[in-house]
Amino acid sequence: MVNSRLIAECRTSGIPAKEGVMAEDIQAKLEKYRTAPFDARFPNANQTRNCWQNYLDYHRCQKSLTNKGVDIAPCDWYKRVYKSLCPMSWIAKWDDQRDEGTFPGKI
């Protein structure tokens with residue numbers, strides 16, 4: 001699965017030899033991106049959990065790579081997915097909650 005692979009890439013992105021290859025792979029996927037692909041973890045039509053999980057994954061990935069001092073480009077996949085699945089009002093609310101320190105998710 002793409003999401004599992006990207007999570008693994010985020011975790012191992014501290015290895016300089018893989019950064020260039022990984023960035024090229026991510027960039028190629030982002031160029032082909034149209035909408036959220038099928039994710040076997042969320043097989044039903046209701047994509048609320050998928051939206052929520054990709055929002056969390058984006059911010060976790062961003063936090064992890066920023067702490068390592070690595071480029072956060074691999075995290076853009078999650079951002080595109082959650083922006084295509086989530087209503088803008090939810091995203092704005094969650095961003096406000098993160099800024100206020102009241103966000104219910106674990107990032």
Any chance you could measure [X], atom [atom1], to [Y], atom [atom2], to the nearest 0.5 Å?
X     : Y     : atom1 : atom2 : value
Tyr78 : Leu56 : OH    : CG    : 11.5 Å
Ser84 : Asn50 : OG    : CG    : 8.5 Å
His59 : Lys79 : NE2   : NZ    : 8.0 Å
Arg80 : Leu85 : CZ    : CG    : 14.0 Å
Gln47 : Asn54 : CD    : CG    : 9.5 Å

message: Suppose the criterion is salt bridge (charged side-chain N to carboxylate O under 4.0 Å, His left out): which pairs have a residue in residues 81-92, not counting sequence neighbours?
response: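 Checked against salt bridge (charged side-chain N to carboxylate O under 4.0 Å, His left out) - neighbours excluded - no pair reaches residues 81-92.
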
- request: With side chain to side chain contact (heavy atoms under 4.5 Å, CB included) as the test, would you mind laying out the steps for Thr66 and Lys63 before giving the verdict?
  value: CA-CA 5 Å; Thr66 300; Lys63 180 180 177 182; 5.9 Å; no

Which donor-acceptor pairs under 3.5 Å do the side chains of residues 89-98 make with protein atoms, sequence neighbours left out?
residue: Asp95; atom: OD1; partner: Tyr55; partner atom: OH; Å: 2.5
residue: Arg98; atom: NE; partner: Tyr55; partner atom: OH; Å: 3.0

message: Restricting to non-hydrogen atoms, name the atom on Asp71 and the atom on Leu65 that form the minimum distance, rounded to 0.1 Å.
response: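 Looking at all heavy atoms of both residues, the shortest contact is O-CD1, 3.5 Å.
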
message: I need the minimum non-hydrogen distance between Trp52 and Pro104, along with the two atoms involved.
response: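 What the structure gives for the nearest pair is CH2-CG, 4.1 Å.
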
